[in-house]
Peer 1: 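Submitted below is the structure of interest, expressed as structure tokens.
Remember, it's 1-based here, ligands and their atoms both numbered in the order they're listed.
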Amino acid sequence: MYDAIVVGARCAGSPLSMLLARMGYKVLLVDRATFPSDSISTHFVWPTGVDCLNRWGLLDRLRATGCPPVHRIGIDLGAFQLEGAPPPINSVAEMYGPRRIVLDKMLLDAAAEAGAEVEEAFTVTGLTSTDGRITGIRGHERGGAETEIRAKIVVGADGRHSLVAATVGAGEYNVRPVMTCCYYSYWKNLPPHVSTMRPRPGRLMVTTPTHDGLHIVITLYPAAEFDAVKSDIDCHFMDTIDLVPELSNIVRSGERVERYYGTGDIPNFFRKPYGDGWALAGDAGYHKDPCTAQGISDAFRAAEWLADAIHAGFSGARPLNEALAEYHRIRDEHAMPVYEMTMGLATLDPPPPEMQALYAALIHNPAETDRLVGTFAGTVPIPEFFSPENVGRIMSKGAAAAG
Ligand SMILES: Cc1cc2nc3c(=O)[nH]c(=O)nc-3n(C[C@H](O)[C@H](O)[C@H](O)COP(=O)(O)OP(=O)(O)OC[C@H]3O[C@@H](n4cnc5c(N)ncnc54)[C@H](O)[C@@H]3O)c2cc1C
């Protein structure tokens with residue numbers, strides 16, 4: 001009998017297991033994958049996520065893997081570029097783009113070191129229940145016989161196609177259609193350049209450094225173009241890169257060293273993340289387009305909020321479901337503004353005229369440009385930055401600077 005069984009051992013499940021084990025709970029962490037292993041995901045981690053790693057004592061480990069920090073972010077709007085550094089959170093302002101094969105293994109090892117029992121190559125096939133309350137999992141090791149394992153709570157950290165969510169019938173809300181598809185690969189020998197988001201009508205391009213001296217180069221397209229892009233990825237990818245001469249020069253001066261990776265499986269939804277004997281963390285409970293690169297940082301924070309809620313329930317500080325309802329509230333409160341911003345960007349439409357005017361007014365305003373980057377980074381509240389008062393101040397200052 002475990003206190004918690006966590007299904008899925010990547011960005012949400014491993015930190016959650018680590019935190020619960022550190023609190024003294026008996027945790028079983030299972031994943032059908034073995035580690036180290038890759039995942040179809042680019043890997044940008046904003047300061048909110050890096051701050052979690054720092055507080056968990058894992059940031060130095062990430063640094064030791066040789067992944068270079070990113071300090072500034074560019075936003076290339078075609079007519080002009082903005083560049084800024086997000087305001088820090090708990091003194092952390094740096095960002096990283098670690099390969100998932102490195103990051104996920106580091107997180108899994110941290111969970112095991114904390115005392116969580118880890119079962120790799122273990123596939124969960126169903127949940128057990130009594131009187132409507134989830135009591136455990138059913139599953140098997142690779143090639144093994146099916147077993148049942150019991151726990152006080154089962155957490156689905158099993159990604160966007162969560163078996164746990166489907167089995168308990170977790171209700172979905174704020175569902176939006178699939179908006180983009182994404183392809184990326186790795187280049188060596190790119191000249192030094194600022195990690196930059198480059199939106200163009202119907203496209204978004206991003207580059208950022210990662211391990212081994214490589215850069216990841218990412219392109220997003222409207223979901224409707226997925227079949228066309230997939231039919232000749234290199235042609236579509238390089239045609240897209242060539243839309244921006246500066247980016248084309250950067251990318252074409254290096255050499256692609258891996259195949260293209262990509263997906264059109266990018267749903268947008270929230271799920272109710274708890275019920276009797278179960279909870280959801282990470283993509284299992286909330287999935288969104290990767291155009292603003294929020295998923296890893298969100299998964300880290302959800303792991304923390306959920307660990308605190310489970311501890312509050314198990315320790316008797318609050319009824320468990322009340323604590324889980326609070327986790328639900330906090331998650332959505334943080335997620336909703338950036339979800340809406342993400343949905344806007346994921347249209348891949350040019351920014352509306354008022355946004356273009358706001359961006360133009362930021363050209364000579366480095367402090368507010370930093371804060372704009374902070375809205376992506378999660379260190380500046382989106383409603384505060386885009387409030388009429390703040391936008392009014394930026395526009396007045398922009399007008400004064402333009403003479
Ligand atoms: C193209 C793309 C690019 C992205 N780029 C970024 C980015 O730059 N920055 C960012 O922050 N986020 C990005 N994301 C989002 C990010 O990948 C996810 O938010 C993050 O991986 C969520 O972690 P997770 O632990 O919740 O789920 P996952 O990483 O999906 O892990 C789920 C785990 O559960 C296991 N599992 C599933 N079912 C079972 C089962 N039945 N039994 C046992 N194990 C099971 C799986 O094997 C898997 O290991 C991107 C996503 C995509 C698709």
Peer 1: Can you give the donor-acceptor pairs under 3.5 Å from side chains of residues 199-206 to other protein atoms, not counting sequence neighbours?
Peer 2:
unit_1: Arg200; atom_1: NH1; unit_2: Asp76; atom_2: O; d: 3.1
unit_1: Arg200; atom_1: NH2; unit_2: Asp76; atom_2: OD1; d: 3.0
unit_1: Arg200; atom_1: NH2; unit_2: Asp76; atom_2: OD2; d: 3.2
unit_1: Arg203; atom_1: NE; unit_2: Thr240; atom_2: OG1; d: 3.1
unit_1: Arg203; atom_1: NH1; unit_2: Glu225; atom_2: OE1; d: 3.1
unit_1: Arg203; atom_1: NH2; unit_2: Glu225; atom_2: OE1; d: 3.0

Peer 1: By number and element, which atoms of ligand 1 are closer than 4.0 Å to a non-hydrogen atom of Ala293?
Peer 2: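 So the atoms of ligand 1 that pass are 7 (C), 8 (O), 9 (N), 10 (C), 11 (O).
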
Peer 1: Out of the candidates Leu28, Ile137, Val7, only one should pair with Phe122 under the side chain to side chain contact (heavy atoms under 4.5 Å, CB included) rule; please name it.
Peer 2: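 With Phe122 as partner, Leu28, Ile137, Val7 yield a single side chain to side chain contact (heavy atoms under 4.5 Å, CB included), made by Ile137.
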
Peer 1: Which protein non-hydrogen atom lies closest to atom 27 (O) of ligand 1, naming both residue and atom, and how far is it?
Peer 2: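 Minimum-distance protein heavy atom for atom 27 (O) of ligand 1 reads Gly159 CA, 3.8 Å.
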
Peer 1: Would one find more than 12 heavy atoms of other residues, nucleotides or ligands at under 6.0 Å from atom NZ of Lys26?
Peer 2: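 Yes, the 6.0 Å shell around NZ holds more than 12 heavy atoms from other groups.
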
Peer 1: With a 6.0 Å cut-off (strictly less than), is the heavy-atom count around NZ of Lys397, excluding the residue itself, greater than 12?
Peer 2: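 Counting other residues, nucleotides and ligands, NZ of Lys397 stays at 12 neighbours or fewer.
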
Peer 1: Of the protein's non-hydrogen atoms, which lies at the shortest distance from atom 37 (C) of ligand 1, and what is that distance?
Peer 2: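 Among all protein heavy atoms, the one nearest atom 37 (C) of ligand 1 is Asp158 O, 3.3 Å.
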
Peer 1: Consider ligand 1: state whether an atom of it lies below 4.0 angstrom from any non-hydrogen atom of Val45.
Peer 2: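 Per 4.0 Å heavy-atom rule, Val45 does not contact ligand 1.
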
Peer 1: Looking at Asp298 and Arg301, does any basic side-chain N land under 4.0 Å from a carboxylate oxygen?
Peer 2: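 Answer for the salt bridge query: yes.
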
Peer 1: Under 4.0 Å from a heavy atom of Thr123: which atoms of ligand 1 are those, numbered in the order shown and with their elements?
Peer 2: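 Listed by number with element, the hits are 42 (N).
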
Peer 1: I'd like the name of whichever of Arg10, Lys288, His43, Arg100 reaches closest to atom 31 (O) of ligand 1 through any heavy atom.
Peer 2: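 It is Arg10 whose heavy atom sits nearest to atom 31 (O) of ligand 1.
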
Peer 1: Within a distance under 4.0 Å of any heavy atom of Ile40, pick out the atoms of ligand 1 and give their elements.
Peer 2: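 What qualifies from ligand 1 is 52 (C), 53 (C).
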
Peer 1: What do you reckon, are the aromatic ring centroids of Phe270 and Tyr286 less than 6.0 Å apart?
Peer 2: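 Close enough - the centres of the two rings lie under 6.0 Å apart.
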
Peer 1: Can you confirm whether Glu326 is buried at CD, in the sense that more than 12 heavy atoms of other residues, nucleotides or ligands lie under 6.0 Å from that atom?
Peer 2: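 Yes, the 6.0 Å shell around CD holds more than 12 heavy atoms from other groups.
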
Peer 1: Apply side-chain contact (heavy atoms from CB on, under 4.5 Å) to residues Glu384 and Arg371 and explain how you reach the verdict.
Peer 2: CA-CA 10 Å; Glu384 181 193 310; Arg371 281 167 41 77; 3.2 Å; yes

Peer 1: Among all protein heavy atoms in this structure, tell me which lies nearest to atom 9 (N) of ligand 1, with the distance rounded to 0.1 Å.
Peer 2: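 That would be Phe44 O, 2.9 Å.
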
Peer 1: side-chain contact (heavy atoms from CB on, under 4.5 Å) between Val164 and Val155: does it pass, once the steps are laid out?
Peer 2: CA-CA 8 Å; Val164 175; Val155 179; over 6 Å; no

Peer 1: What atoms of ligand 1 come closer than 4.0 angstrom to any heavy atom of Ala157?
Peer 2: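 Listed by number with element, the hits are 32 (C), 33 (C), 34 (O).
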
Peer 1: Could you work out, for atom 18 (C) of ligand 1, the closest of Thr208, Asp283, Asp104, Val6 by heavy-atom distance?
Peer 2: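 Ranked by closest heavy atom to atom 18 (C) of ligand 1, first place is Asp283.
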
Peer 1: Students should be able to answer this: which protein heavy-atom is nearest to atom 47 (O) of ligand 1, and at what distance?
Peer 2: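 Going atom by atom, the protein heavy atom closest to atom 47 (O) of ligand 1 ends up being Asp31 OD1, 2.7 Å.
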
Peer 1: Give the atom numbers and elements of ligand 1 that come within less than 4.0 Å of a heavy atom of Gln294.
Peer 2: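 Taking each heavy atom of Gln294 in turn, ligand 1 has 11 (O) under 4.0 Å.
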
Peer 1: How close does the nearest protein non-hydrogen atom get to atom 11 (O) of ligand 1, and which residue and atom is it?
Peer 2: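 For atom 11 (O) of ligand 1, the nearest protein heavy atom comes out as Ile296 N, 2.7 Å.
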
Peer 1: Run Leu19 and Trp56 through side-chain contact (heavy atoms from CB on, under 4.5 Å) and show every step you take.
Peer 2: CA-CA 8 Å; Leu19 294 167; Trp56 299 340; 3.8 Å; yes

Peer 1: Exactly one of Leu306, Leu107, Leu29 should register a side chain to side chain contact (heavy atoms under 4.5 Å, CB included) with Leu16. Which one does?
Peer 2: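 Running side chain to side chain contact (heavy atoms under 4.5 Å, CB included) over Leu306, Leu107, Leu29 with Leu16 returns exactly one hit, Leu306.
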
Peer 1: Could you tell me whether Cys182 approaches ligand 1 through its side chain, its backbone, both or neither, with non-hydrogen atoms closer than 4.0 Å?
Peer 2: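 Side chain only; the backbone of Cys182 stays clear of ligand 1.
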
Peer 1: Is it the side chain (CB and beyond), the backbone, both or neither of Phe122 that lies under 4.0 Å from ligand 1, heavy atoms counted?
Peer 2: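 It is the backbone that touches ligand 1; the side chain stays farther off.
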
Peer 1: Who's the nearest protein heavy-atom neighbour of atom 44 (N) of ligand 1, and how far?
Peer 2: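 The answer is Arg32 N, 3.1 Å.
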
Peer 1: Taking side-chain contact (heavy atoms from CB on, under 4.5 Å) as the test, write out the residues that go with Asp212, two or more places apart.
Peer 2: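 Asp212: side-chain contact (heavy atoms from CB on, under 4.5 Å) contacts with Leu214.
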
Peer 1: Can you list the ligand 1 atoms lying under 4.0 Å from a non-hydrogen atom of Gly8?
Peer 2: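 Those of ligand 1 that fall under 4.0 Å from Gly8 are 33 (C), 34 (O), 35 (C).
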
Peer 1: Do you know which of Trp278, Tyr274, Trp305 makes side chain to side chain contact (heavy atoms under 4.5 Å, CB included) with Leu324?
Peer 2: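 Considering Trp278, Tyr274, Trp305, a side chain to side chain contact (heavy atoms under 4.5 Å, CB included) with Leu324 is found only for Tyr274.
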
Peer 1: Glu304 and Arg55: salt bridge (Lys or Arg N to Asp or Glu O under 4.0 Å), yes or no, with the steps?
Peer 2: CA-CA 11 Å; Glu304 266 189 338; Arg55 285 184 289 101; 2.5 Å; yes

Peer 1: Please identify which atoms of ligand 1 are closer than 4.0 Å to at least one heavy atom of Thr42.
Peer 2: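 Near Thr42, meaning under 4.0 Å from one of its heavy atoms, ligand 1 has 3 (C), 4 (C), 5 (N), 6 (C), 7 (C), 8 (O).
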
Peer 1: Gly282 heavy atoms, cut-off 4.0 Å: which ligand 1 atoms fall inside?
Peer 2: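 In order of number, 26 (O).
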
Peer 1: Examine the proximity of ligand 1 to Cys11 and report which part, side chain or backbone, both or neither, has a heavy atom under 4.0 Å away.
Peer 2: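 For Cys11, the contact with ligand 1 is made by both the backbone and the side chain.
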
Peer 1: Side-chain contact, heavy-atom cut-off 4.5 Å: Val118 with Glu120?
Peer 2: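 Counting from C-beta outward, Val118 and Glu120 do come under 4.5 Å.
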
Peer 1: Tell me whether Tyr261 reaches ligand 1 (any heavy atom closer than 4.0 angstrom to a ligand atom).
Peer 2: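 It does not; every heavy atom stays at 4.0 Å or beyond.
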
Peer 1: Which is closest to atom 40 (C) of ligand 1 in terms of heavy atoms, Asp298, Val124, Ile266, Thr263?
Peer 2: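 Among Asp298, Val124, Ile266, Thr263, the closest heavy atom to atom 40 (C) of ligand 1 belongs to Val124.
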
Peer 1: Using a plain distance cutoff, I'd like to know if Ala12 has any nitrogen or oxygen under 3.5 Å from a nitrogen or oxygen of ligand 1.
Peer 2: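 For ligand 1, there is an N or O atom that lies under 3.5 Å from one belonging to Ala12.
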
Peer 1: Quick test: of every protein heavy atom, which one is nearest to atom 17 (O) of ligand 1, and how far off is it to 0.1 Å?
Peer 2: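 In this structure, atom 17 (O) of ligand 1 has Ser41 OG, 2.6 Å as its nearest protein heavy atom.
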
Peer 1: Just to be sure I read this right, does ligand 1 sit under 4.0 Å from the backbone of His287, its side chain, both, or neither, counting only heavy atoms?
Peer 2: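 Neither; nothing of His287 gets under 4.0 Å from ligand 1.
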
